[in-house]
Amino acid sequence: MRNFLKTIGCAVLLSVGIIGCSQDEPNQANAESPNQEDELISVKQLTNWFAQPDFGGQYAALEEGYYEDVGLDMTIESGGPQISEIQIVASGEADFGMATGDELLAARQEGLPVVAIAALFQVNPQVLLYHEGQDIEDFNDLNGRTVFVAPGVMYWEYLKDAYELGDVNEMAFSGQFNQFIEDETAVSQAYLTTAPYNLSKQGVETEYLLVNDSGYETYADVLFTTEDYIEEHPEIVQNYVEASLKGWDYYKTNYEEINKVILEENPDLNLDAMKYSSEQLMDLVFGSDAAEHGVGYMSNQKWKKLAGQLKDIGILTEDIDVEEAFTTEFLPE
């Protein structure tokens, strides 16, 4: 649901230049070194949805004092529908944010100087969900079916082009699964870490196609800031990344403990569903390239491939230098 609501909100914000829904004054970092004794630097990071296990490493770093250890007085502010993290960070109202890789590339084309500094999800959790037992083995099998998907979602534009999905009854995803539940032949966009569990609790068993398996491989929950912030506060960026990744290493083996902290921030969750989410995200965060290179890893090859795909489907209208869109200088060697 979060991608549908955010797609509509962010598209509007980018097109008309409205800054996100925050009441805070711009958060300018103290110019002092974060290592200065007895003085913490106030820093704000904005997640891309309400508090949940997908942000477990950030909350672990906060709870375990990792941000404070490197001199940061950290505030984690939740995103949500109609909030554009990219606009808010670009405006200086937050220092760090989260977004998908394709969102950041599209934002740079719009002139927003955002820079990825770590990719928490090596594999995007977006899936196309279908009822258990349906004859669907690959993305080509979506032809002839109703697919609920948010208008303008970038991975869907890629899928339609790459898999020649010209015979799909495309319906706007409302953020709810009622219509999907009623139509056993239908397909719906969903998040791997939440939807299969929630639907199962309603008696609806599902299977899915992982969008990443289509060849469209965008990083998700990418930590980012701006070009100016990196230039003016490189030590803060370094310490922020270090503490955040340390938090994810802690969350990996202590997620049930940290989930209780997250539950305090978002009482609409429950611990059983959170445990499911945590178990599902482990391979997405710690697998793939991160298994060899560590949490947060990003490769030039993957960013270039994504930029090329976005240009092929018309999301990008010109070549983008991906080396300006991301940096690995703050990641562990």
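Source: prediction; values computed, not measured.
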Exercise. Run the side-chain contact (heavy atoms from CB on, under 4.5 Å) check on L223 and M98 step by step: do they pass?
Worked result: CA-CA 5 Å; L223 303 182; M98 282 183 175; 3.8 Å; yes
Problem set entry | Step-by-step side-chain contact (heavy atoms from CB on, under 4.5 Å) determination, T75 to S42 | CA-CA 8 Å; T75 297; S42 295; over 6 Å; no
For this session: Before giving the answer on ring pair (Phe, Tyr, Trp, His ring centres under 6.0 Å), spell out for Y158 and Y216 the whole-Å C-alpha distance, their side-chain angles and the decisive distance to 0.1 Å.
Result: CA-CA 7 Å; Y158 168 83; Y216 186 83; 5.3 Å; yes
Exercise. Checking ring pair (Phe, Tyr, Trp, His ring centres under 6.0 Å) for the pair F55/W49: CA distance, chi angles, key distance, verdict?
Worked result: CA-CA 9 Å; F55 317 135; W49 200 246; 9.2 Å; no
Problem set entry | Full working for side-chain contact (heavy atoms from CB on, under 4.5 Å) between I230 and I117 | CA-CA 10 Å; I230 289 174; I117 52 178; 4.1 Å; yes
Problem set entry | Stepwise side chain to side chain donor-acceptor pair (under 3.5 Å) check, S278 with N259 | CA-CA 9 Å; S278 300; N259 282 349; 3.1 Å; yes
Problem set entry | side-chain contact (heavy atoms from CB on, under 4.5 Å) between V147 and L165, worked out | CA-CA 11 Å; V147 177; L165 301 180; over 6 Å; no
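Listed for the D167 side chain is no donor-acceptor partner under 3.5 Å among the backbone atoms of N143. Side-chain atoms of H293 never come within 3.5 Å of backbone atoms of M298 as a donor-acceptor pair (strictly under, hydrogens ignored). Looking at N270, its side chain does come within 3.5 Å of a backbone N or O of D272 through a donor-acceptor pair. Checking side-chain atoms of T225 against main-chain N and O of D95 turns up a donor-acceptor pair under 3.5 Å. Formation of a donor-acceptor pair under 3.5 Å by the Q109 side chain with backbone atoms of T317 is found in this model. Q309 places a side-chain N or O within 3.5 Å of a backbone atom of G215 that can act as its donor or acceptor partner.
Considering only residues two or more places apart in sequence or on other chains, Y67 meets the side chain to side chain donor-acceptor pair (under 3.5 Å) condition with Q45, Q58, S244.
The neighbour count for E279 CD, taken as heavy atoms of other residues, nucleotides or ligands under 6.0 Å away, is above 12. Other residues, nucleotides and ligands contribute at most 12 non-hydrogen atoms within 6.0 Å of the CD atom of E137. For K305, the NZ atom sits in a packed shell: over 12 heavy atoms of surrounding residues, nucleotides or ligands are nearer than 6.0 Å. Residue D135 qualifies as open at atom CG: its count of foreign heavy atoms under 6.0 Å is 12 or below. Within a 6.0 Å radius of CD in E170, other residues, nucleotides and ligands contribute more than 12 heavy atoms. Crowding of E164 atom CD: a count of heavy atoms from other residues, nucleotides or ligands under 6.0 Å not exceeding 12.
Using a 4.5 Å heavy-atom threshold, the side chains of L128 and W156 count as touching. By the 4.5 Å heavy-atom criterion applied to side chains, I320 and L310 are not counted as neighbours. Using a 4.5 Å cut-off on side-chain heavy atoms (C-beta onward), L105 and W303 make contact. The shortest side-chain heavy-atom distance between L284 and L192 falls under the 4.5 Å cut-off. Using a 4.5 Å heavy-atom threshold, the side chains of L269 and F50 count as separate. Between L142 and Y163 there is no side-chain heavy-atom pair separated by less than 4.5 Å. Within the 4.5 Å cutoff, the side chain of V115 has no heavy atoms near those of the Y229 side chain.
Counting only residues at least two apart or in different chains, side-chain hydrogen bond (donor to acceptor under 3.5 Å, both in side chains) contacts with residues 202-215 comprise S200-E205.
Here the closest heavy-atom approach between residue I262 and residue P53 is recorded as CD1-CA, 4.0 Å. Looking at every heavy atom in both residues, D54 comes nearest to D221 through O-OD2, 3.4 Å. Contact record, V43 with I236: CG2-CG2, 4.1 Å, taken as the closest heavy-atom pair. Nearest approach of A94 to L46, heavy atoms of both residues: CB-CB, 4.4 Å. I83 and S78 get closest at one heavy-atom pair: CD1-O, 4.5 Å. A pairwise comparison of heavy atoms in W248 and F286 identifies O-CZ, 3.3 Å as the closest pair.
For Y59 and Y251, the ring centers are positioned 6.0 Å apart or more.
Residues L263 and V261 do not share a hydrophobic cluster, clusters being chains of Ile/Leu/Val/Met/Phe/Trp/Tyr side chains in contact below 4.5 Å. No path of Ile, Leu, Val, Met, Phe, Trp and Tyr side chains, each step under 4.5 Å between heavy atoms, connects Y191 with Y197, placing them in separate hydrophobic clusters. L210 and L129 fall within a single hydrophobic cluster, where Ile, Leu, Val, Met, Phe, Trp and Tyr side chains are chained together by heavy-atom contacts under 4.5 Å.
Between E64 atom CD and D249 atom CG the span is 12.5 Å, to the nearest 0.5 Å. Distance check, rounded to the nearest 0.5 Å: CD1 of I258 to NZ of K252 gives 16.0 Å. Atom OH of Y276 and atom CG of L281 lie 11.0 Å apart (nearest 0.5 Å). Interatomic distance, CG of N169 versus OG1 of T146, reported as 3.5 Å (0.5 Å rounding). Taking CE from M74 and OH from Y66, the interatomic distance works out to 14.5 Å, rounded to the nearest 0.5 Å. Atoms OG and CG, from S188 and L199 in turn, are 8.5 Å apart once rounded to the nearest 0.5 Å.
Classification of the F96-Y240 ring pair by plane angle, with boundaries at 30° and 60°, yields parallel.
For the pairing with E103, the side-chain contact (heavy atoms from CB on, under 4.5 Å) check across I86, V114, T218 returns one residue only, I86.
Side chain to side chain, S288 and Y297 fail the donor-acceptor criterion of an N or O pair below 3.5 Å. For the residue pair T100 and D102, a side-chain donor N or O sits within less than 3.5 Å of a side-chain acceptor on the partner.
With salt bridges taken as basic N to acidic carboxylate O contacts below 4.0 Å, one links R108 and E227.
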What donor-acceptor contacts under 3.5 angstrom involve side-chain atoms of residues 324-333, with partners at least two apart or in another chain?
{"unit_1": "T327", "atom_1": "OG1", "unit_2": "E329", "atom_2": "N", "d": "3.2"}
{"unit_1": "T327", "atom_1": "OG1", "unit_2": "E329", "atom_2": "OE2", "d": "3.4"}

